[in-house]
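Structure, as structure tokens:
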Amino acid sequence: MPVLSPTWTDERIELLKQHFEAGLSCREIAADIGVSRNAVIGKLSRLNLTRSRAVEDRRLERSLAPPARATRAVPRLQYEMLATIYGETGAPVMAGPIDDTNRCSLLELSENRCRWPISSPGEEDFCFCGNAAPDGQPYCAGHSRLAYRPNSRARVMRG
DNA sequence: CCCTGATTCGC
DNA sequence: GCGAATCAGG
């Protein structure tokens, strides 16, 4: 990977459009791509992808949809998870209390097994964590910590 | 004050 | 073209 930041490559623009069409907020898009929020907005404007000036509408939709879940953990984005796992220097930490003795294949996955991927798809050793996943959670306790951020201002989205 | 997206304008 | 600063709305 180059040291310099190539700003807006075709791939980043694709991600931008994809996330935009997916309905993600500019903040989320920016976090996932790894640029500032203004950079995303600026680029969207240059691409004529702005949703006019209907910011209010989107905010209202989210505000009017608070079904239960007082404190909710929001899923981490790929960019953030990778940053958490590999750290700033690129050193693979993964020092969490995660057992690697229950790994299983895709076919062996079940509703109560951790779906955290081990290695990469297509690789010979590609498999899943396979640890016990409480509730209907997709991950075990250790990997949930990586996949979710208990943080966030999910409280009630204020008013 | 926090958030959001949109526009402006110097680079 | 880029994006921080700024603006505007909630």
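In what follows, every chain begins at residue 1, and chains take the letters A, B, ... in the order their sequences are listed. Side chains are part of it too, since the values below use all heavy atoms of this structure and drop only hydrogens, waters and symmetry mates.
- Listed pair Thr50(A) / dG5(B) fails the phosphate criterion, with no side-chain N or O lying under 4.0 Å from OP1 or OP2.
- Whole-Å rounding puts the Asp10(A) CG to dG1(C) P distance at 14 Å.
- To the nearest angstrom, P of dG1(C) lies 18 Å from CD1 of Ile41(A).
- Applying the 4.0 Å criterion to OP1 and OP2 of dC2(C), one finds that Lys43(A) has a side-chain N or O inside that range.
- Between the base of dG5(B) and the side chain of Arg27(A) there is no donor-acceptor pair shorter than 3.5 Å.
- Atom CD1 of Ile41(A) is separated from atom CG of Leu49(A) by 13.0 Å, given to the nearest 0.5 angstrom.
- Across dA5(C), dG3(C), dG5(B), the shortest atom-to-atom separation from the side chain of Ala39(A) is found for dG3(C).
- For Arg46(A) and dC2(C), the shortest distance from a side-chain N or O to OP1 or OP2 is below 4.0 Å.
- Heavy atoms of Ser45(A) sit under 4.0 angstrom from at least one base atom.
- Taking atom CZ on Arg37(A) and atom C1' on dG5(B), their separation rounds to 7 Å, with Å as the unit.
- Whole-Å rounding puts the Leu44(A) CG to dC2(C) C1' distance at 13 Å.
- Counting to the nearest Å, the C1' atom of dG1(C) and the CD1 atom of Ile13(A) are 10 Å from each other.
- Of all heavy-atom pairs spanning Cys140(A) and Pro134(A), the tightest one is CA-CD, 4.5 Å.
- dG3(C) atom C1' lies 14 Å from atom CG of Leu47(A), rounded to whole Å.
- The minimum heavy-atom distance linking Ser144(A) with Gln137(A) is given by the pair OG-OE1, 3.6 Å.
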Could you please spell out the steps behind the side-chain contact (heavy atoms from CB on, under 4.5 Å) verdict for Phe20(A) and Leu47(A)? CA-CA 12 Å; Phe20(A) 176 81; Leu47(A) 292 174; over 6 Å; no
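- Taking the side chain of Ser36(A) as heavy atoms from C-beta on, and the options dA4(C), dC2(C), dT4(B), the nearest nucleotide is dA4(C).
- Atom CD1 in Ile33(A) sits roughly 12 Å away from atom P in dC2(C) (whole-Å rounding).
- Residues Phe128(A) and Arg113(A) are not in side-chain contact: their nearest non-hydrogen atoms beyond the backbone lie 4.5 Å or more apart.
- Atom pair Asn38(A):CG and dG1(C):P shows a separation of 18 Å (rounding to whole Å applied).
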